[in-house]
Asker: 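First, the structure itself, so that you have it in front of you.
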Amino acid sequence: MKKNKINTDFLHVGNKLLIWYKNNGRDLPFRQTKDPYKIWICEIVFQQTRINQGLNHYNNFIKRFPDVKTLAEAKEDEVLLYWKGLGYYSRAINVHKAAKQIMDDYHGVFPNQYDEILKLRGVGKYTAAAVSSICFDGKIPAIDGNFYRVLSRLFADDFDISSTKAFSYFSELAHLILPENVGDFNQAMMDLGSEICKPKNPVCGECPINEECLAFSSNKTSELPVKTKKVKAEDLHLKYYFVHRNGQFLIQQRKDDFIWKKLFEFLPSITADLEPFIKNIKTVNHKLTHKNLNIEIANVEVTSRSVWSDFIAKNECFITDFDASQEKSFPKPLENYIQNSLKD
DNA sequence: AACTCGGGGAT
DNA sequence: ATCCCAGAGTT
């Protein structure tokens, strides 16, 4: 059913959700505060990330960087360290840039208007709406994956959520049920989408708005939302040389393009004088959302001190050891490789 | 408007 | 094996 066919009054749905949220909302660490800094960080951490997966990262991040100023004054590498294992590493780089932005452009005071929050690096329409509604009583629905799913089911609407027009389309739909307290409403939609209106096997029997849900009454919850675009992973081969000597090994830092932005990695190539020291070669398979990685890692133990120091002098790389490596952010498969090397 | 960016848990 | 998650930036 399209929105222009909806003649019933759905406004009470929003208020029902607020009541449900008050009694059934999840108890999360960022629920006790309206500090825009903390809400902002949590919104960034939990982009495309499940609560259970990011909870420790969020707590550790807030503990180390409790406010904008602390974050802005930190080194980028340390911010990346606290993002280690979370994925989508541009979020860490951007959150750091945005902190500097707040110091420079807003005298360290978090902007309180949607349009200003939207200017922050790494903050899009969703996050700007979330922060402005939760912290500053902004009246803007925070349209995310939960909104798409809940609204498409509530109105039994087959609008393609993978369409680029989905955001504005579901924004309009959201206004049909938007209550006065938009901040709590936005969070209620997230909890409903997470706990009740789940992608698969939704718990419609416990849903506070199942009486109004057109997908429920027409038994179409399993067909909604409609998403036509599918992402397919392509194969990618990577090769690394784990060059080490006496508990030290050589690393370099990735660029901020392609995958694993600015994370540390082993050397992608060596010179001929190191080849005799290759002990063995291990292949690691690792799946990313858009890539099936096949990583070949050559274990190079340099037993000659002169060859070791000569290579370091002539090549761009850093020396680290197993303890110090814990203080840098490596891609997951390389992190695993280091951990396995420790056991040998 | 389409493409790209991680990692992990649920099914 | 497939889907999807408190999305945003780039092309």
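Because the structure is predicted, anything quoted here is derived from the model rather than measured. Below, chains carry the letters A, B, ... as their sequence lines are ordered, and counting in each starts from 1.
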Asker: What's the gap between B/dG8 and C/dG9 when it is taken at their P atoms, as a whole Å value?
Answerer: 24 Å
Asker: Between A/Lys287 and A/Phe30, name the one whose nearest nucleotide on DNA chain C is closer to the 5' end.
Answerer: A/Lys287
Asker: I'd like the C1' distance from C/dC5 over to B/dC5, given in whole Å.
Answerer: 14 Å
Asker: If you only use heavy atoms from C-beta on, which nucleotide in B/dG6, B/dG9, C/dG9 is closest to the side chain of A/Arg50?
Answerer: B/dG9
Asker: Which label fits A/Phe46 and A/Tyr58: parallel for a plane angle under 30°, tilted from 30 to 60°, or perpendicular past 60°?
Answerer: tilted
Asker: Using a 4.0 Å heavy-atom cut-off across all strands, classify A/Arg31 as base, sugar-phosphate, or nothing.
Answerer: base
Asker: What pairs meet the ring pair (Phe, Tyr, Trp, His ring centres under 6.0 Å) rule with one or both residues in residues 316-341 of chain A, with sequence neighbours excluded?
Answerer: A/Phe242-A/Tyr337, A/Phe249-A/Phe322, A/Phe266-A/Tyr337
Asker: Quick one: is A/Lys125 getting a side-chain N or O under 4.0 Å of the C/dA8 phosphate, OP1 or OP2?
Answerer: no
Asker: For nucleotides C/dT11 and B/dG6, find the distance between their P atoms and express it as a whole number of Å.
Answerer: 15 Å
Asker: Mapping A/Lys198 and A/Asp257 onto DNA chain B by nearest heavy atom, which one lands closer to the 5' end?
Answerer: A/Asp257
Asker: Have a look at A/Asn201 and say if it touches a base, only the backbone sugar-phosphate, or nothing, with a 4.0 Å heavy-atom cut-off.
Answerer: sugar-phosphate
Asker: More than 12 heavy atoms of other residues, nucleotides or ligands under 6.0 Å from NE2 of A/His237: yes or no?
Answerer: yes
Asker: Base, sugar-phosphate, or nothing: which does A/Leu86 touch, judged by heavy atoms less than 4.0 Å apart?
Answerer: base
